[in-house]
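To keep things clear, I will list the structure first and then write my remarks on it.
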Amino acid sequence: MAQNDYAALEKENRRLKREFRALERRHEILRLNFDTQLRVVKVAKNHAEEASLAKSDFLSRMSHEMRTPLNAVIGMAHIALRSDDFDRREYCLKQIEGASKHLLRVINDILDMSKIEANKLDIRPNTFNLSATISNVTSVLSANIEAKVQQLIINVDENLPPLIVADDLRLTQVIANLISNACKFTPQNGVITLNATKLSKGNILQIEVIDTGIGIPEEHQPRIFNIFEQGEGGTTRKYGGTGLGLAISHRIIEMMGGEIWLTSKQNYGSTFTFTIPYEVGVAVAVNKTPIAQPLVQARKILVAEDVDINREILKSVLEDTPIELVFATNGLEAVKIFQTSPEDFDMILMDISMPIMDGYEATRVIRLLECPQASTVPIIAMTANVFREDIDRCLAAGCNYHIGKPIDPEMLFRALSKFS
C-alpha cells in the first residue's frame with residue numbers, strides 16, 4: 001500500500017475515534033439527563049401519591065368528624081320523638097346541642113382552611129385587653145378541662161401592656177386551638193400551662209401552651225403543621241379531630257408576622273410556642289350611657305326568610321319577648337310589606353339567599369324608597385354567607401350589621417340591643 005494511502009487511513013481512523021468518543025460523551029450526558037429526569041419524575045410521583053393519600057385520609061377524617069355528630073343529632077332526635085319521659089327528652093336535646101356545636105366547629109375549620117388556601121383570610125388589628133382575652137378563651141374551654149379534672153395555670157407577664165393592638169379574634173382562635181389540643185391529649189389530672197410573656201427585644205408577644213400529655217414522636221413532628229395531615233393515624237382514631245387546627249394556627253401566626261413551633265417528647269408532653277408583634281394600645285374614653293335594651297318595650301320587626309324552619313327557630317328564640325315579627329318569604333315580598341307601612345317597623349332582619357329577589361337587592365331597593373324610614377331603618381343581614389367578602393357585600397348593599405347562621409341567640413340579642 002502506498003505510503004500516502006496508509007497515512008490517509010490513519011487520519012480517517014483517528015477522526016472516526018474522535019467522533020466515536022464524542023458520541024459516547026453525548027450518550028453519557030443523555031443517560032445522566034434521563035436518569036436525573038427519571039428521579040425527578042419518581043420524586044414528583046411519590047409526592048403526588050403522598051399528597052393524594054394525605055387528602056384521602058383527610059377526607060376520611062372529615063367524613064368521620066361530620067357523620068359522628070350528625071349520627072348523634074339524628075339518633076337523639078329519633079329517641080326524643082319516641083319518648084314521653086321529660087328527663088330523657090331533655091337529655092337527648094342536650095346531646096343534640098353538643099353534637100351540633102361540634103359539627104359547627106368542624107365546618108368553621110374547613111371554611112377557614114378554604115379561605116387560607118384562597119388567600120382570603122383577613123387579619124384585622126384592633127385594640128384589646130390581652131389578659132381579658134386570655135381569660136375569655138380559658139373560660140369558654142373550662143368545661144372540657146374540668147371534665148378531665150385537669151389543672152390550667154395562666155401566667156401573664158407584668159411587663160406586657162394592658163392594652164395591645166393586634167387581631168384579637170385570630171389570636172383567640174390560635175390560643176383556643178392550642179389549649180383544646182392540650183386538653184385533648186393530656187390525661188385526667190394533668191396540667192396545662194399558658195405563659196404570656198414580653199420578649200426583651202421590641203414589642204413581641206410570646207405565648208407558650210405547655211401540657212403533660214402524650215407528647216409527639218420526633219418522626220411525626222416535622223409535618224404537624226401541614227395541611228390535611230395529623231401526627232399519626234392511631235392517635236387520630238383514638239382522640240379524633242380534623243387535623244386542621246394546627247395548620248390554621250400556623251398560617252394565622254405567619255399572617256400576623258410571627259412564628260410558631262413545637263418542642264415535644266413522647267410520653268413527656270408538648271410545648272407549642274408562638275410569637276407575634278404588637279403595638280401598645282391606647283385607652284379610648286367610652287360613652288357610659290346605658291344602651292336601651294330591646295326587650296323593655298314592644299317593637300315590630302320585619303323578617304325576610306324563605307326557610308320554614310328558620311322562621312320557626314326565630315319565633316322560638318323571641319317568643320318570650322314583646323317583639324312582634326312580620327314574615328316575608330322572599331326579598332320582593334319584604335320590599336312590598338315595608339313599602340306599605342314603613343313607619344310600623346323598627347328593624348329588618350334580612351336573609352340573603354332567597355328566591356325571586358335576594359337580600360342584597362331587597363336591601364338596595366328599600367334604601368331607595370321615597371320615605372324617611374327607608375334610609376334610617378336598621379337592616380341586619382342574617383345569613384349563612386359568612387366570608388369576609390360576604391359581610392362586606394352586605395354592608396355595601398346597605399345593611400347595618402351581619403349575623404351568621406346558625407343563629408346564636410346571644411349574638412341576635414346583642415344586635416337587637418345595638419340597633420334598638
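In what follows, residues are counted from 1 in the order of the sequence shown. As the structure is a prediction and not an experimental result, all values here were calculated from the model.
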For residues 164-175, please give each side-chain donor-acceptor pair under 3.5 Å, one per line with the distance, not counting sequence neighbours.
| unit_1 | atom_1 | unit_2 | atom_2 | d |
| --- | --- | --- | --- | --- |
| D167 | OD1 | L169 | N | 3.1 |
| D167 | OD1 | R170 | N | 3.1 |
| D167 | OD2 | R124 | N | 2.7 |
| D168 | OD1 | N126 | ND2 | 2.9 |
| R170 | NH1 | Q173 | OE1 | 2.7 |
| T172 | OG1 | D168 | O | 2.7 |
| Q173 | NE2 | D112 | OD2 | 2.6 |

* Working for side chain to side chain contact (heavy atoms under 4.5 Å, CB included), residues E361 and D358 -> CA-CA 6 Å; E361 184 64 20; D358 65 24; 3.5 Å; yes
* Asked: How far apart are the C-alpha atoms of L314 and L412, what are their side-chain angles, what is the distance that settles it, and do they pass the side chain to side chain contact (heavy atoms under 4.5 Å, CB included) test?
  -> CA-CA 10 Å; L314 200 57; L412 174 62; 3.7 Å; yes
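- Of all heavy-atom pairs spanning A362 and V335, the tightest one is O-CG2, 3.8 Å.
- The side chain to side chain contact (heavy atoms under 4.5 Å, CB included) search around D87 returns D85, E90, not counting sequence neighbours.
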Just distance, no hydrogens or angles: give the donor-acceptor pairs under 3.5 Å from side chains in residues 365-384, sequence neighbours left out.
| unit_1 | atom_1 | unit_2 | atom_2 | d |
| --- | --- | --- | --- | --- |
| R367 | NE | G398 | O | 3.1 |
| R367 | NH1 | A374 | O | 2.9 |
| R367 | NH1 | V377 | O | 2.8 |
| R367 | NH2 | V377 | O | 3.1 |
| R367 | NH2 | G398 | O | 2.9 |
| R367 | NH2 | N400 | OD1 | 2.9 |
| S375 | OG | P372 | O | 3.4 |
| T376 | OG1 | P372 | O | 3.4 |
| T376 | OG1 | Q373 | O | 3.4 |
| T383 | OG1 | N385 | N | 3.0 |

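- Using a cut-off of 4.0 Å between Lys/Arg side-chain N and Asp/Glu carboxylate O, E410 and R414 are scored as salt-bridged.
- Nearest heavy atom pair, residue Q221 against residue I216, reads NE2-O, 2.9 Å.
- Although no hydrogens or angles enter the test, the distance criterion places no donor-acceptor pair under 3.5 Å between the side chain of R364 and the main chain of A397.
- Going from atom CD1 of I179 over to atom CG of L152 covers 5.5 Å, rounded to the nearest 0.5 Å.
- Here the shortest heavy-atom pairing between A77 and I96 reads N-CD1, 3.6 Å.
- With T212 contributing its side chain and V191 its backbone, the two residues share a donor-acceptor pair below 3.5 Å.
- Every residue two or more places apart in sequence or in another chain that forms a side chain to side chain contact (heavy atoms under 4.5 Å, CB included) with R82 is listed here: H78.
- Taking the side chain as every heavy atom from C-beta outward, I210 and F272 never approach each other to under 4.5 Å.
- Looking at heavy atoms from C-beta onward, F345 lies in side-chain contact with I337 at the 4.5 angstrom threshold.
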* Between N195 and I153, is a side chain to side chain contact (heavy atoms under 4.5 Å, CB included) present by the stated rule, with each step listed? -> CA-CA 8 Å; N195 297 322; I153 301 171; 6.0 Å; no
* Steps toward side chain to side chain contact (heavy atoms under 4.5 Å, CB included) verdict (L246, N181) -> CA-CA 9 Å; L246 290 177; N181 275 353; 3.6 Å; yes
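- Atom CD1 of I356 and atom CE of M354 lie 10.0 Å apart (nearest 0.5 Å).
- With sequence neighbours excluded, no residue forms a side chain to side chain contact (heavy atoms under 4.5 Å, CB included) with E158.
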Tabulate below the donor-acceptor pairs under 3.5 Å that side-chain atoms of residues 132-146 make, not counting sequence neighbours, or state none.
| unit_1 | atom_1 | unit_2 | atom_2 | d |
| --- | --- | --- | --- | --- |
| T133 | OG1 | N129 | O | 3.0 |
| N136 | ND2 | A132 | O | 3.3 |
| T138 | OG1 | I134 | O | 3.1 |
| T138 | OG1 | S135 | O | 2.9 |
| S142 | OG | S139 | O | 2.7 |

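- Partners of S353 by side chain to side chain donor-acceptor pair (under 3.5 Å), not counting sequence neighbours: none found.
- Here the side chain of S180 pairs no donor or acceptor atom with the backbone of N177 at under 3.5 angstrom.
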* Using the salt bridge (charged side-chain N to carboxylate O under 4.0 Å, His left out) rule, take E24 and R21 through it: C-alpha gap first, then chi angles, then the decisive distance, then the call. => CA-CA 5 Å; E24 282 187 323; R21 287 194 296 270; over 6 Å; no
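- K148 places no side-chain N or O within 3.5 Å of a backbone atom of N189 that could act as its donor or acceptor partner.
- Judged as a side-chain hydrogen bond (donor to acceptor under 3.5 Å, both in side chains), the pairs with a partner in residues 266-280 (not counting sequence neighbours) are, in order, S264-S270.
- The shortest side-chain heavy-atom distance between L163 and V280 does not fall under the 4.5 Å cut-off.
- Although no hydrogens or angles enter the test, the distance criterion places no donor-acceptor pair under 3.5 Å between the side chain of S83 and the main chain of I79.
- For the atom pair L194 CG and I192 CD1, the distance stands at 10.0 Å (nearest 0.5 Å).
- With hydrogens and angles ignored, the 3.5 Å screen pairs no side-chain donor or acceptor of S341 with any backbone N or O of E343.
- A distance of 6.5 Å separates CD1 in I207 from CD1 in I276, rounded to the nearest 0.5 Å.
- For N203, there are no side chain to side chain donor-acceptor pair (under 3.5 Å) partners two or more places apart in sequence or in a different chain.
- A donor-acceptor distance shorter than 3.5 angstrom exists from the side chain of Q150 to the backbone of T186, with no hydrogens or angles considered.
- For residues 390-409, the ring pair (Phe, Tyr, Trp, His ring centres under 6.0 Å) pairs, not counting sequence neighbours, are Y401-F419.
- Two residues are said to be in side-chain contact when any heavy atoms from C-beta on lie closer than 4.5 Å; F327 and L349 fail this criterion.
- V307 is linked by a side chain to side chain contact (heavy atoms under 4.5 Å, CB included) to E305, I309, N310, counting only residues two or more places apart in sequence or in another chain.
- Closest approach of I123 and I252 over heavy atoms only: CD1-O, 4.4 Å.
- The shortest side-chain heavy-atom distance between T193 and E208 does not fall under the 4.5 Å cut-off.
- Atoms CG and OG, from L160 and S131 in turn, are 7.5 Å apart once rounded to the nearest 0.5 Å.
- Side-chain contact between I253 and R251 is absent, with no heavy atoms from C-beta onward closer than 4.5 Å.
- A donor-acceptor pair shorter than 3.5 Å cannot be found between the side chains of T329 and D306.
- Counting heavy atoms from C-beta outward, Y91 and M76 have side chains that approach closer than 4.5 Å.
- For the pair Q188 and A147, the tightest heavy-atom approach, listed with the atom from each and the gap, is NE2-O, 4.1 Å.
- Counting only residues at least two apart or on different chains, the ring pair (Phe, Tyr, Trp, His ring centres under 6.0 Å) pairs with a member in residues 248-267 are F225-H250.
- When side chains are defined from C-beta on, I313 does not count as touching I407, because their heavy atoms never get closer than 4.5 Å.
- Of the inter-residue distances, the one linking K336 atom NZ with Q339 atom CD reads 9.5 Å to the nearest 0.5 angstrom.
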